[in-house]
Amino acid sequence: MAKMKAGQALAKVLESWQVDHIYGITADSINNTVDGLYQEKDKIKYIQVRHEEVGSLAASADAKLTGKIGVSFGSAGPGATHLFNGLYDAKMDHAPVLAIVGQSATGVMNTSFFQEMNQDPMFVDVAVFHEQVVSAHQIPYVVDQAIRAAYAHKGPAVVIIPDDLSGQEIEFTEFKTAPIYKEQMHTKFDEKTIDHVVSAIQSAKHPVVWAGVGLKGATKELVAVSEKFSLPVLSTVPATGVMPTDHPNFMGSRGRLGTKPGFEVSQMADLVISVGTNYPFLRFLPEGVKVIQVNNNAADIGKQRDVDLAILGDGQDFLKELLKRDVTIETTNFLKAARLDKQNWDKWLDTLASDDSKGLPAEAVMKTIKAHSTDDTIFGADVGNNTEWAIRQIPLNKNQKFTLSSWFATMGYGLPSGIAGKLSFPDRQVVTISGDGGFAMVMQDLLTEVKYQLPVVNVILENKVFGFIQHEKIAAKQAPYGIDLLGANWAGVAEDMGAIGFTVTDQKSLDAAFDKIDELQKAGNTKPIVVDAKVKNVDPIDTSFIPMDPDQFDQDTIDNYKKTYNVFDQPALSEILKNL
């Protein structure tokens, strides 16, 4: 047992959970807690962000990228409210995070003091755990319990600490209870249930697997099941990479952020095996499709669509059980056609990328990023058209990692995810992809990357418009009101902040910039980089609904869709299948 300030004991609890950095901005209502971090500064790095929102988003990104808890803090009042965006992102994407929130000293609480708020009710909806401590000796215990709750319930935990309490001396003994955070769950499945699944695959004409984030870490099993049972694989967007993106059986995703083969294969499916996801757009599959859903959360089964067979259990264990069956299905014509559909799609994207005669296409930027990425690059994507372009082309086929704000879909996620990526994986290349709208929301924290020498490559796709909303305006036949953006010299801004800036307007300048970035990285550059890509404002292809099947749509409808999105050399999946 040792005597120390409660704030230092708090820091020691974080250390026991392997937390090595924490984001925030100090202020009078949390100064004693920050002083405790100072006492442990050799073990926990305090990352001073320039806005608490960035800290909370970075903490969420930390959790998604590593599986370990991310931690941020804010002062009472405005500091606390600034944390909400990141906390809701963590809630929606089931990421374990801890928010430490300051509060006025106990002596002035309930007296309408400066910045004093009744903060606990604010966090009722967002947090899986929210407590305000009432004595100094409670602080380490409550923080430890908050972290356990965040892991157990996969969400945000909030601890509110009156500032005077964290500055009081207490007697502290480190806890004996092990800081267990990764639950080892193994599922025993009923043999008849697995037999039923195998039989359903054998009976189906067009079966597919739909993979979610619950299959992270199960790439080997997913590839083997796909090949053994001749199954095309789709993934949800946040699960991109659970199946190597260059595998011929991987079709991409369905939906607006998806692909043509992703839509067409799922649209033609007569059996969908959904594993490890509560995918919201499953409800848009055609009527009559048989659905088997595997999930380790009973509440998520049947939530989006009524299912024919519900299987409660771990997705990876489920795939292992399928692999034990002495059944192999020869490559079907459906899979062969799906592979050709995907090949045509990839060639089309490549062709779009090769033409900069009318302005720099975003596809060219993605292709160049891909060419200069490594086998273990960390990718962070903001929200908007940049997400569509990125998800369709970045390579997630080796040891790369990818993070985005998927369910909450908050703009401004890109830059914070880069900060988190470089802090959590300092020896790996980190690339973020943002639109000019999203980047402008958090651009002040480029200074954070400069201050802590985080050489993140921040790519900005500037088209001077809220492009994702522009598409909705077009679809609704509304005036393009309120979506135009004032452009900026983002590379110049970066230089003025102490970073390195490149402006690119065509393939030549794009190649030159990334060649120079490669040189800088090899030379041990420690400055963040901003690539200001002035891309042409083109509405990217909407793959949420693709009217190209001549068996279902008239020629005028098909021609209009192809003209709208410059689609060429891509027959419908049904046409490919007929010609096999």
Side-chain angles (χ1 to χ4, degrees), residues 1-49 52 55-56 59 62-63 68-77 79-80 83 96-109 113 115-116 119-120 123 127 129-151 156-181 423 452:
M1 184 176 293
K3 286 188 175 182
M4 65 183 68
K5 297 285 182 68
Q8 184 177 1
L10 182 159
K12 285 186 173 293
V13 171
L14 297 181
E15 291 166 19
S16 73
W17 286 95
Q18 301 177 0
V19 174
D20 59 11
H21 62 271
I22 179 173
Y23 308 94
I25 298 176
T26 192
D28 56 1
S29 60
I30 202 165
N31 276 337
N32 281 317
T33 299
V34 175
D35 190 62
L37 295 172
Y38 170 75
Q39 302 302 321
E40 298 294 315
K41 64 182 183 299
D42 293 336
K43 296 179 181 178
I44 296 183
K45 191 171 188 178
Y46 163 40
I47 304 299
Q48 177 203 65
V49 291
E52 292 91 346
S56 63
D62 272 327
K68 296 196 303 182
I69 196 161
V71 187
S72 64
F73 67 83
S75 62
L83 294 171
V97 300
L98 170 67
I100 300 168
V101 179
Q103 177 58 288
S104 302
T106 54
V108 295
M109 286 176 62
F113 190 65
Q115 290 187 330
E116 182 202 350
Q119 294 178 141
D120 185 67
F123 298 102
F129 177 103
H130 54 100
E131 296 288 350
Q132 177 169 299
V133 299
V134 296
S135 66
H137 74 270
Q138 283 185 351
I139 290 175
Y141 171 79
V142 173
V143 169
D144 185 70
Q145 292 303 304
I147 294 173
R148 293 181 188 278
Y151 277 124
V158 176
V159 178
I160 302 169
I161 304 176
D163 189 52
D164 60 317
L165 299 185
S166 55
Q168 293 177 15
E169 190 171 76
I170 63 171
E171 291 185 336
F172 175 66
T173 302
E174 294 190 21
F175 304 123
K176 295 179 181 179
T177 306
I180 300 169
Y181 70 88
L423 287 169
Y452 296 102

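Below, each value reflects all heavy atoms present in this structure, side chains not excepted, and no hydrogens, waters or symmetry copies. Quick note: residue numbers are just sequence positions, from 1.
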- Message: More than 12 heavy atoms of other residues, nucleotides or ligands under 6.0 Å from CZ of F175: yes or no?
- Response: yes
- Message: Are the side chains of I161 and V101 in contact, using a 4.5 Å heavy-atom criterion?
- Response: no
- Steps toward side chain to side chain contact (heavy atoms under 4.5 Å, CB included) verdict (L423, I47): CA-CA 10 Å; L423 287 169; I47 304 299; 3.8 Å; yes
- Say you draw a straight line from CG of D144 to CH2 of W17; how long is it, rounded to the nearest 0.5 Å? 6.0 Å
- V133 and Q138: which non-hydrogen atoms are nearest, and at how many Å? CA-OE1, 3.5 Å
- Where A59 and V71 come nearest, the two heavy atoms and their spacing: CB-N, 3.7 Å
- Message: Would you say the rings of F73 and Y46 are close, in the sense that their centroids are separated by under 6.0 Å?
- Response: yes
- Would you say the side-chain atoms of E116 pair up with the backbone N or O of F113, donor to acceptor, closer than 3.5 Å? yes
- Task: Would you indicate whether the side-chain heavy atoms of S56 and Y23 approach each other to under 4.5 Å?
- Result: no
- Please name the pair of heavy atoms, one in A11 and one in G36, separated by the smallest distance, quoted to 0.1 Å. CB-O, 3.8 Å
- Query: Can you find a pair of side-chain heavy atoms, one from R148 and one from F129, that are under 4.5 Å apart?
  - Reply: no
- Query: Roughly how far, to the nearest 0.5 Å, is CD of E171 from NE2 of H137?
  - Reply: 11.5 Å
- Side chain of Q8, backbone of M4: donor and acceptor closer than 3.5 Å? no
- Message: Between V13 and Y141, is the side chain to side chain contact (heavy atoms under 4.5 Å, CB included) condition met? List the steps.
- Response: CA-CA 8 Å; V13 171; Y141 171 79; over 6 Å; no
- Query: Measuring from T26:OG1 to N31:CG, what's the distance to the nearest 0.5 Å?
  - Reply: 4.0 Å
- Message: What I'd like to find out is whether the side chain of Q132 reaches to under 4.5 Å of the side chain of P162, using heavy atoms alone.
- Response: yes
- Task: Using a cut-off of 6.0 Å, state whether more than 12 heavy atoms not belonging to K41 lie near its atom NZ.
- Result: yes
- Item | Separation of L165 CG from I160 CD1 (nearest 0.5 Å) | 12.5 Å
- Message: Which heavy atom of T33 sits nearest to which heavy atom of S166, and what is that distance?
- Response: OG1-OG, 3.1 Å
- Item | Heavy-atom side-chain contact between L83 and S72 under 4.5 Å | yes
- Residues Q119, H130; criterion side chain to side chain contact (heavy atoms under 4.5 Å, CB included); working and verdict: CA-CA 10 Å; Q119 294 178 141; H130 54 100; over 6 Å; no
- Item | Heavy-atom closest contact (L14 atom, I100 atom, distance) | CD1-CD1, 4.5 Å
- Task: Check A136 against I170 and note the closest heavy-atom contact, atom names and distance.
- Result: CB-CG2, 3.6 Å
- How far apart are the C-alpha atoms of M109 and Q103, what are their side-chain angles, what is the distance that settles it, and do they pass the side chain to side chain contact (heavy atoms under 4.5 Å, CB included) test? CA-CA 8 Å; M109 286 176 62; Q103 177 58 288; 4.0 Å; yes
- Message: Please report the interatomic distance CD1(I69) to CG(L98), rounded to the nearest 0.5 Å.
- Response: 5.0 Å
- Query: More than 12 non-hydrogen atoms from neighbouring residues, nucleotides or ligands closer than 6.0 Å to NZ on K5, yes or no?
  - Reply: no
- Query: Do you see a donor-acceptor pair shorter than 3.5 Å between the side chains of S29 and D163?
  - Reply: no
- Task: Ignoring hydrogens and angles, tell me if any N or O in the side chain of D164 forms a donor-acceptor pair with the backbone of T106 under 3.5 Å.
- Result: yes
- Query: Quick one: CG on D20 to CD1 on I22, what's the gap to the nearest 0.5 Å?
  - Reply: 11.0 Å
